[in-house]
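Whatever order the structure lists them in is the order used to number ligands and atoms, beginning at 1. Here the structure is a predicted model, which is why all the values come from computation and not from measurement.
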Amino acid sequence: MLTQGMNRKISSSNTVVLDESVDAYPVLQIKNKYCTASVALHGAHLFHWHPLGEEPVIYTSPSAVYKLGKAIRGGIPVCWPWFNKHPTNSSLPSHGFVRNKFWDLTAIEETAMSTTLVFSLSSNSETRKLWEAVFEVSLRITVGEKLECSLTSKNTASSNAGFTPSNSLSIGGALHTYLSVGSIDAVEISGLEEVSYIDTVGTEAVRTQLGRVTISEEVDRIYTGTTTDIILHDKLLKRKLRVSRKGSQSAVIWNPWIEKAKELADLPDDGYKNFVCIESANARGDVYLLQPGESHTLSTNVTIE
Ligand code: TA6
């Protein structure tokens, strides 16, 4: 899990310490001039970001599970290389498999304004049991006054055999960001007005967003053909969170509401009141076909206004 090289990077940093308080589950605790943050090596999973002088921005369930093979309920789960169910094989894990594996810490970069952690995960015999592909995926997380997260997928197959269907990669996924809210009935989401979306609650239907998004029932929507910033207006906390995206033309808005929250063992029954997911995604038709040597970057940035 943690190599000597990783330990050296951590011990020579000024703003990152290793937290091993959970057995076999290393967490990197960050504290710099502008924020505190927590990132698990498991899933390269940021699950806490608290800018100084602000309410925490990232939501994590108090019932979250911290163990190999189970993604933390909250934070920014890295859903990759597909979003939600695999398009053709429902026996494969929902939201892909990298959020359930330990990544390598490959770099720590510190400036006066921020701390950046870089993680990577490459294909191996384990991943090939799930997905016959040769890849490297890396995640850069930068925390300071704002949060920046970018996921780069690279097709590292040899191109000796030319570009054949067997060595091209179809990449989907999402940065599945859980944003803290004062109370779910006191938020509005702008930036998606008039955008078409796939409503996946009940019988799937395609609809158009009329006005701002408000949450007063289960919401599970894939907005399509959109690249604009999405803004969460929190009337209770009196703040706006701006989510800007790159490498994404689909965005997901999710809140489980009452019944679905009860079905989630790692979320309190009333947990739905305290978050909404605004996800920078490559969902449904918004996927990228990478030939050997090609890469794609999906990013999400969160700023407080
Ligand atoms: O992003 C929305 C969604 O696809 C919902 O359908 C719901 O399943 C959510 O992700 C959480 O998925 P998870 O596998 O983390 O419980």
When you pair each N or O of ligand 1 with protein N or O atoms, which pairs come out under 3.5 Å?
| unit_1 | atom_1 | unit_2 | atom_2 | d |
| --- | --- | --- | --- | --- |
| ligand 1 | 1 (O) | His176 | NE2 | 2.9 |
| ligand 1 | 1 (O) | Glu279 | OE1 | 3.0 |
| ligand 1 | 1 (O) | Glu279 | OE2 | 2.8 |
| ligand 1 | 4 (O) | Asn84 | ND2 | 2.7 |
| ligand 1 | 4 (O) | His95 | NE2 | 3.3 |
| ligand 1 | 6 (O) | Asn84 | ND2 | 3.4 |
| ligand 1 | 6 (O) | Asp220 | OD2 | 2.6 |
| ligand 1 | 10 (O) | His95 | NE2 | 3.0 |
| ligand 1 | 10 (O) | His176 | NE2 | 3.1 |
| ligand 1 | 14 (O) | Arg99 | NH2 | 2.9 |
| ligand 1 | 15 (O) | Arg73 | NH1 | 3.3 |
| ligand 1 | 15 (O) | Arg99 | NH1 | 2.9 |
| ligand 1 | 16 (O) | Arg73 | NH1 | 3.0 |
| ligand 1 | 16 (O) | Arg73 | NH2 | 2.9 |

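With respect to Glu263 and Lys260, no salt bridge is recorded, no charged nitrogen being found less than 4.0 Å from a carboxylate O. Salt-bridge formation is detected for the pair Asp266/Lys70: a Lys NZ or Arg NE/NH1/NH2 atom is positioned less than 4.0 Å from an Asp or Glu carboxylate oxygen.
The backbone N or O of Ser299 lies less than 3.5 Å from a partner atom in the side chain of Ser280, making a donor-acceptor pair. With hydrogens and angles disregarded, a donor-acceptor distance shorter than 3.5 Å links the side chain of His42 to the backbone of Asn100.
Thr116 and Thr142 share a donor-acceptor pair across their side chains, judged by distance under 3.5 Å alone.
Atom CD of Gln4 has 12 or fewer neighbouring heavy atoms from other residues, nucleotides or ligands inside a 6.0 Å radius.
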